[in-house]
Participant: 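Quick one: this structure, given as structure tokens, is what I'll be asking you about.
In what follows, chains are A, B, ... by sequence order, proteins preceding strands, each numbered from 1.
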2 protein chains.
Amino acid sequence: MPYDPSAFPPFAVTVDLVVLTVRRHALCALAVRRGEPPFQGRWALPGGFVRADEDLSQAAARELEEETGLTAHDPAVPAQDNGAHLEQLATYGDPKRDPRMRVVSVAHLALAPDLPAPRAGGDASNARWAPVEELLQRGGYGRDGEPVAPLAFDHAQILADGVERARSKIEYSSLATAFCPPEFTVGELRRVYEAVWAVALDPRNFHRKVTGTPGFLVPTGGTTTRQGGRPAQLFRAGGATLLNPPMLRPEV
Amino acid sequence: MPYDPSAFPPFAVTVDLVVLTVRRHALCALAVRRGEPPFQGRWALPGGFVRADEDLSQAAARELEEETGLTAHDPAVPAQDNGAHLEQLATYGDPKRDPRMRVVSVAHLALAPDLPAPRAGGDASNARWAPVEELLQRGGYGRDGEPVAPLAFDHAQILADGVERARSKIEYSSLATAFCPPEFTVGELRRVYEAVWAVALDPRNFHRKVTGTPGFLVPTGGTTTRQGGRPAQLFRAGGATLLNPPMLRPEV
DNA sequence: AGTGTTTATCGTCAGGCAGACGACTATGAT
DNA sequence: ATCATAGTCGTCTGCCTGACGATAAACACT
């Protein structure tokens, strides 16, 4: 049977990005302000159309670079010096999710260390890091009392799914190091877990756990005192990607 | 800015299904024979185009029903009497994955109890359950010595991802019960784990573990002797979806 | 009826890991 | 010098797991 273009409806395919980082002890996501309808002026996740000759992961990496300057970290390369972790999250294709046309969005999740400032086409006022709690509360008020509109489209759902993925994945993988600079202390890594899970962890048990998990951390030999207090050993992420035994999120 | 159709390239969007079940102590997947080019005569995963007014999950449930007669089990309904578990797996969009045109496929994973026989448009010879090892070996020989061609398109990769998802997800969720009939014994559940993980488990420790995990199993009061040997208690799946503590896959 | 086989179920024991928490160390601030 | 802060090392107890012995209840033989 020959190829029949009438056999299927045409779709637009986009990638949307949930870019997470830890700033000031809080899990934050990158949001951009929409400059055009629909949802003009509302905050949304960064994203864009997949080009005709692009793979989905390429499109996600390109959008990430355009919005943040970050280079996606190739999982095949163990030396993850700079560059963010990037993975596919899920795909959203409700027929009514975009009022203009049928759009299927392949959401991706990116985890990055704390960054200086976002950039959205050079206009800083149209991009910001916001605590995920603030972005997810619908119709509430932000930290400064300014009313907060819900995210555009179904982006609140996408963000919630991305946050949940990150929260569960740092349990059994070494992904929490993606939130840290290339060299970091056990305390900094602990503050990542505390921010992502929004819990308090015992510093002594945490230290025993992460230093005792083979392949998780490798000492670099240096020390730092940038947190105040006694100088702490510096570590890099080890080769292990799966933690065995896993980190355990405290009970509710 | 008005809607500009030239701003994005058109895509075809499909759903492909990884339908897994346990037959004769082996993890098996549903494969259908392609009746038209490309890859005519080769085995592939079932799937089809998403319709213009369909959500992705609706399309996956429709394809599942067309291929197997199974009704997808709505996760919101706790009484999962009949019907398979269905969840989104991942999305595959390499520009060259279909030689005809640009196709983005949203793969879904379905888990079902052992079924009588597949149906593919009423033609049984064009659909079969095959052990996943057989489908995943590229260019090898099947059980009966017949040469086996690799799956069409990138379906080997999709199947491998689905199998890996199932293998890891039965660790920390009660999803293994989706492979069982509505009522089952601890031994039958253990054989599911053994088939999916391809390991042998200690019956005594397994029994202690699953009966001790709150919410995993609820006894129905009945017993059965269909496995031979001493009669075994019958259970239904409990309300718990997340197992705490998880089942542990034995070390490699 | 007795014996063996199969599967289910209960118990015991030792090792490992996690949570709670005490103690000590090394820096900067006052 | 003293205090505050953060890091690091130990101890103890309870729980979970893997290894494995023992018993129970069916069926298939002889």
Participant: Could you check whether any side-chain heavy atom of A:Arg191 comes within less than 4.5 Å of a side-chain heavy atom of A:Gln227, counting everything from C-beta outward?
Facilitator: yes
Participant: If you find the nucleotide of DNA chain D closest to B:Thr225 and the one closest to A:Arg204, which residue's nucleotide is nearer the 5' end?
Facilitator: A:Arg204
Participant: Should A:Thr177 and A:Phe235 count as side-chain neighbours, where that means a heavy-atom distance under 4.5 Å?
Facilitator: no
Participant: Expressed as a whole number of angstroms, how long is the span from A:Leu234:CG to D:dA6:P?
Facilitator: 17 Å
Participant: Show me the donor-acceptor pairs, under 3.5 Å and distance only, between side chains in residues 241-250 of chain A and residues at least two apart or in other chains.
Facilitator:
residue: A:Arg249; atom: NH2; partner: A:Glu171; partner atom: OE2; Å: 3.1

Participant: For B:Arg230 and D:dA26, give me the distance from atom CZ to atom C1', rounded to whole Å.
Facilitator: 9 Å
Participant: For DNA chain C, note the earliest and the latest nucleotide, 5' to 3', having some atom under 4.0 Å of a heavy atom belonging to chain B.
Facilitator: C:dT6 to C:dT12
Participant: Can you tell me the distance, in whole Å, between the CE atom of B:Met247 and the C1' atom of D:dG18?
Facilitator: 13 Å
Participant: Between C1' on D:dT8 and CZ on A:Phe235, what's the gap in Å once rounded to a whole number?
Facilitator: 10 Å
Participant: Closest approach to the side chain of B:Leu248, judged atom by atom: which nucleotide of D:dT17, D:dA26, D:dG7 is it?
Facilitator: D:dT17
Participant: Is there a side-chain contact between B:Trp129 and B:Val19, using heavy atoms and a 4.5 Å cut-off?
Facilitator: yes
Participant: Name every residue in residues 205-220 of chain B that has at least one heavy atom under 4.0 Å from any atom of DNA chain C, in order of residue number, or write none if there are no such residues.
Facilitator: B:His207, B:Arg208
Participant: Contact between B:Leu70 and B:Leu86 at the side-chain level, heavy atoms closer than 4.5 Å - yes or no?
Facilitator: no
Participant: Taking the side chain of B:Asp202 as its heavy atoms from C-beta onward, which of D:dT8, D:dG18, D:dC20 lies nearest to it?
Facilitator: D:dC20
Participant: Return the 5'-most residue of the pair A:Gln227, B:Pro246 with respect to DNA chain D, ranking by each residue's nearest nucleotide.
Facilitator: A:Gln227
Participant: Base, sugar-phosphate, or nothing: which does A:Arg226 touch, judged by heavy atoms less than 4.0 Å apart?
Facilitator: nothing
Participant: Flag this pair as yes if the NZ/CZ of A:Arg128 is under 6.0 angstrom from the six-membered ring centre of A:Trp43 and inside a 45 degree cone about the axis; otherwise no.
Facilitator: yes
Participant: Report the C-alpha separation of A:Asp16 and A:Tyr92 in whole Å, then their side-chain angles, then the decisive distance to 0.1 Å, and conclude whether the side-chain hydrogen bond (donor to acceptor under 3.5 Å, both in side chains) test is met.
Facilitator: CA-CA 10 Å; A:Asp16 285 324; A:Tyr92 300 82; over 6 Å; no
Participant: I'd like to check A:Val163 versus A:Arg167 (side-chain heavy atoms, cut-off strictly below 4.5 Å). Are they in contact?
Facilitator: yes
Participant: Would you say the side chain of A:Glu183 lies within less than 4.5 Å of the side chain of A:Arg236, judging by non-hydrogen atoms?
Facilitator: yes
